[in-house]
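To start, the structure itself, in structure tokens.
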Amino acid sequence: MGFIIAGSSACGSEESESAVSSEVSAPASLAEENEEEVPTDSRPKGSRDNKAVCLVPTAPGDKVYENDFAHVDVSNSSEGYITVKYTGSSKKVKLQITPPNGITYTYNLSTAAQLDEVFPLQSGNGQYMVNVFENIEGTQYSMVFTQPVDVTLSNEFGPFLYPNQYVDFHADDKTVSKGEELAYPCNSDLDVVSEVYNYIINNISYDYGEAETVQSGYIPAVDEVLETKTGICLDYAALMTTMLRTQRIPTRMEIGYAGTAYHAWLSTYIKDVGWVNGMIEFDGKDWSLMDPTFASNTKEETLKDFIGDGKNYSVKYIY
């Protein structure tokens, strides 16, 4: 069986359904006005435990589907993820996972080394179809592996606490340590979201050059973003998601449309509140949309006018 995947860029268009656009008309970043990193303050320790927790995905081999081309470990599907390892010889391979909601996610699989890569089961309970395709030539692909996987989550938040291919982090990452530092004075999860958010919009600047040249299949490297203090929309979202997940705050990195631009933003789960879809701030009554990329590149008044009640945003993919 074969199919065709159109060539694409990871930013700037919807040519690739799993890509993210950085095509945003925005003023200069707030971070560009500050040559040095805005320091965290020296407030006393908050009442909230700020110790970072990095959940570590594993591939124990308790339940595996495989053939000559792919090794799929579903042992921890109840935790909200599977691992996939390509074992063939093609130089270009795609993975497609179709959740119960029918929205197909397309990923690039590593071919340089046989790696167990982590992919989220972000659409809840039900049957997920896992397909692997090898490139024939150009944009033509042939299916070399297919397997339905029945999923029953034991932890509904698992997919939004573990790392995965798009939000990749490890316990010794500087991003994790920075999140722990930012959470130090916090008394609640809302405080952590605010601290992380404000740090990012004041210290990370939008990389217009990268946005114009980024290639299809681009994956954020959160420590690199933290070090260079620049990034595109996907970098902003991955950096913030990493900090929040490792502070035990379930966070969805969402990809879809902001107006007519393909974009990425976040939703977080706050205890006693529930999922806050795209939070910027809480005024005691209403939530405003939180988008770290727009927030760092757009004047506050314009930002709130655009964001409003969230009608300008349409979610397409969740990671």
Between [X] and [Y], is there a donor-acceptor pair closer than 3.5 Å when you use the side chain of the first and the backbone of the second?
X	Y	value
Thr83	Val118	no
Ser205	Thr230	no
Asn125	Leu153	yes
Asp68	Gly88	no
Asp223	Leu226	no
Glu117	Ser110	yes
Asn76	Thr58	yes
Thr241	Ala237	yes
Tyr128	Ser123	yes

Specify the closest pair of heavy atoms between [X] and [Y], including all atoms of both residues, with the distance to one decimal.
X	Y	result
Phe169	Val176	CB-CG2, 4.5 Å
Gln122	Pro159	CA-CB, 4.2 Å
Arg245	Met253	NH2-N, 4.3 Å
Ser77	Ile82	CB-CG2, 4.3 Å
Ala59	Asp73	C-OD2, 3.1 Å
Val193	Met240	O-CE, 3.9 Å

* **Criterion side chain to side chain contact (heavy atoms under 4.5 Å, CB included) on Ile97 and Thr104, from CA distance to verdict** => CA-CA 6 Å; Ile97 300 178; Thr104 297; over 6 Å; no
Find out whether [X] and [Y] are in side-chain contact, i.e. whether some heavy atom of one side chain is under 4.5 Å from a heavy atom of the other.
X	Y	value
Met143	Val132	no
Val196	Leu244	yes
Pro57	Pro163	yes
Ile204	Ile201	no
Val93	Phe133	no
Tyr105	Thr98	no
Glu134	Tyr141	no
Cys54	His170	no

* Sequence-distant partners of Arg248, salt bridge (Lys or Arg N to Asp or Glu O under 4.0 Å), two or more places apart -> none
Does [X] [atom1] have over 12 foreign heavy atoms under 6.0 Å away?
X	atom1	value
Gln127	CD	yes
Lys45	NZ	yes
Glu227	CD	no

Same apolar cluster (I L V M F W Y, side chains within < 4.5 Å links), [X]/[Y]:
X	Y	value
Val222	Val53	yes
Ile219	Met243	yes
Val151	Leu55	yes
Leu109	Val64	no
Met129	Phe119	no

* Asked: Any ring-ring contact (aromatic ring centres under 6.0 Å, His included) pairs touching residues 142-161, not counting sequence neighbours?
  -> Phe157-Tyr269, Phe160-Trp275
* Which pairs count as ring-ring contact (aromatic ring centres under 6.0 Å, His included) when at least one residue sits in residues 76-104, sequence neighbours excluded? ->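 Counting only pairs at least two positions apart or across chains, the ring-ring contact (aromatic ring centres under 6.0 Å, His included) contacts touching residues 76-104 are Tyr81-Tyr162.
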* Do the side-chain N and O atoms of Thr175 and Asp173 include a donor-acceptor pair separated by under 3.5 angstrom? -> no
* For Ser267 and Glu254, does a side-chain donor sit closer than 3.5 Å to a side-chain acceptor? -> yes
* Under the salt bridge (charged side-chain N to carboxylate O under 4.0 Å, His left out) rule, what do Lys229 and Glu224 come out as? Steps first, then yes or no, please. => CA-CA 8 Å; Lys229 295 182 174 58; Glu224 181 179 331; over 6 Å; no
* Relative to Tyr107, does Lys94 satisfy both conditions: NZ or CZ under 6.0 angstrom from the six-membered ring centre, and within 45 degrees of the ring's axis? ->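 Verdict for Tyr107: no cation-pi partner in Lys94.
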* To do: Begin from the C-alpha positions of Lys51 and Glu180 and carry the test side chain to side chain contact (heavy atoms under 4.5 Å, CB included) through to its verdict.
  => CA-CA 6 Å; Lys51 182 175 177 58; Glu180 188 172 82; 4.0 Å; yes
* To do: Run through Asp168, Asp235, Thr242 and flag the one making a side-chain contact (heavy atoms from CB on, under 4.5 Å) with Pro220.
  =>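 The single option meeting the side-chain contact (heavy atoms from CB on, under 4.5 Å) with Pro220 is Asp235.
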* Determine the sole option in Asn108, Val72, Val130, Thr106 for which the side-chain contact (heavy atoms from CB on, under 4.5 Å) test with Leu95 is passed. => Val130
Out of curiosity, [X] [atom1] to [Y] [atom2], how far, rounded to the nearest 0.5 Å?
X	Y	atom1	atom2	result
Phe69	Ser90	CZ	OG	9.5 Å
Asn164	Leu161	CG	CG	11.5 Å
Glu195	Ile200	CD	CD1	12.0 Å
Asn203	Leu239	CG	CG	10.0 Å

* Is a salt bridge present between Glu137 and Lys92, judged by a nitrogen-to-oxygen distance below 4.0 Å? ->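 Not counted as a salt bridge, because no side-chain N and carboxylate O are separated by less than 4.0 Å.
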* When you check the gap from the basic side-chain N to the acidic O, do Arg48 and Asp189 get nearer than 4.0 Å? ->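 Looking at Asp189 together with Arg48, the answer is yes, because their closest N to O distance falls below 4.0 Å.
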* Start with the C-alpha gap between Ile103 and Tyr317, add the side-chain angles, then the distance that decides, and say whether side chain to side chain contact (heavy atoms under 4.5 Å, CB included) holds. => CA-CA 8 Å; Ile103 297 174; Tyr317 297 110; 3.6 Å; yes
* **Validation row, ring centre Tyr208 to ring centre Tyr206 under 6.0 Å** =>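 When the ring centroids of Tyr208 and Tyr206 are compared, they turn out to be within the sub-6.0 Å range.
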* Asked: Between Tyr166 and Tyr319, does the ring centre distance come in under 6.0 Å?
  -> yes
* Would you please test Val149 and Gln147 for side chain to side chain contact (heavy atoms under 4.5 Å, CB included) and show each step? => CA-CA 6 Å; Val149 177; Gln147 178 64 49; 4.3 Å; yes
